[in-house]
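Here the structure is a predicted model, which means the values were calculated and not measured. Naming convention: chains lettered A, B, ... in sequence-line order (proteins, then strands); numbering from 1 in each chain.
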Amino acid sequence: MGKVDRKKLESEVYKIVGEIPFGSVVTYGQLARLAGFPQCARMVGYAMAHTPEASGLPCHRVVNSQGRIAPNWPEQRALLEQEGICFRTNGCVDLHKYMWKEISHLDG
DNA sequence: CACGTGACCCTAT
DNA sequence: TATAGGGCCACGT
């Protein structure tokens with residue numbers, strides 16, 4: 001196995017992110033698996049952190065496996081709340097409630 | 001070239 | 001329910 005093709009990973013991930021429906025969230029790990037890079041959740045995070053603002057992609061709908069939003073980006077919470085997503089007292093979204101249904105089978 | 005870092009994830013304690 | 005540690009891999013210094 002050679003090195004990961006970051007460009008390929010990015011294009012695949014961005015394509016999927018663009019399809020996340022309003023009011024739903026997806027985890028980094030799920031994105032990695034859907035994109036065909038199951039061991040690269042970290043790279044997905046890297047890609048998200050470098051997503052051009054001009055892309056218009058709904059990267060705020062991507063959270064970690066605990067439903068926690070990205071550090072150093074508090075705005076993400078407001079963006080999700082605008083879509084009707086409520087936060088628990090521990091600061092996480094309820095994945096069982098807001099997970100993108102079409103891919104929720106990738107959980108376990 | 002070696003090392004530290006990060007919008008991560010899983011298992012064990 | 002919390003923390004700790006290992007694995008992961010590209011990137012910048």
Closest nucleotide among C:dC9, B:dC8, B:dA7 to the A:C59 side chain: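 Nearest to the side-chain atoms of A:C59, counting from C-beta on, is B:dA7.
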Counting side-chain heavy atoms from C-beta on, which of B:dA7, C:dA10, B:dC10 comes nearest to A:S65?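 The nucleotide sitting nearest to the side chain is B:dC10.
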In whole angstrom, what separates [X]'s [atom1] from [N]'s [atom2]?
X     : N      : atom1 : atom2 : value
A:N72 : B:dT5  : CG    : C1'   : 13 Å
A:L34 : B:dC9  : CG    : P     : 13 Å
A:R42 : B:dC9  : CZ    : P     : 10 Å
A:N64 : B:dC9  : CG    : P     : 5 Å
A:E10 : B:dA7  : CD    : C1'   : 14 Å
A:L9  : B:dA7  : CG    : P     : 16 Å
A:R33 : B:dC10 : CZ    : P     : 6 Å
A:Y14 : B:dA7  : OH    : P     : 14 Å

Any base atoms under 4.0 Å from A:A70, or only sugar-phosphate, or nothing? Heavy atoms, all strands.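 Contact class for A:A70: base.
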Assign A:Y46 to base, sugar-phosphate, or nothing according to its heavy-atom contacts below 4.0 angstrom with the strands shown.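 Since only primed, P, OP1 and OP2 atoms lie under 4.0 Å of A:Y46, the category is sugar-phosphate.
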Could A:R77 and A:F87 be counted as a cation-pi pair, given that NZ or CZ must be under 6.0 Å from the ring centre and within 45° of the axis?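 Satisfied, under 6.0 Å and within 45°.
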Pairwise P distance, C:dG7 and B:dA7 [rounded to whole Å]: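 Here B:dA7 and C:dG7 have their P atoms 22 Å from each other.
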Suppose you measure atom C1' in B:dG6 against the same atom in C:dC8; what distance do you get, rounded to whole Å?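 The same atom, C1', in both gives a distance of 12 Å.
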Is the shortest heavy-atom distance from the side chain of [X] to the side chain of [Y] under 4.5 Å?
X     : Y     : answer
A:P58 : A:V17 : yes
A:L95 : A:T27 : yes
A:V13 : A:F37 : no

Given DNA chain B, 5'-ward residue of the pair A:T27 and A:M43, judged by closest heavy atom: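 With A:T27 and A:M43 compared, the 5'-side residue is A:M43.
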A:N72 atom CG, over 12 foreign heavy atoms within 6.0 Å: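 Atom CG in A:N72 is not packed in, count stays at 12 or less.
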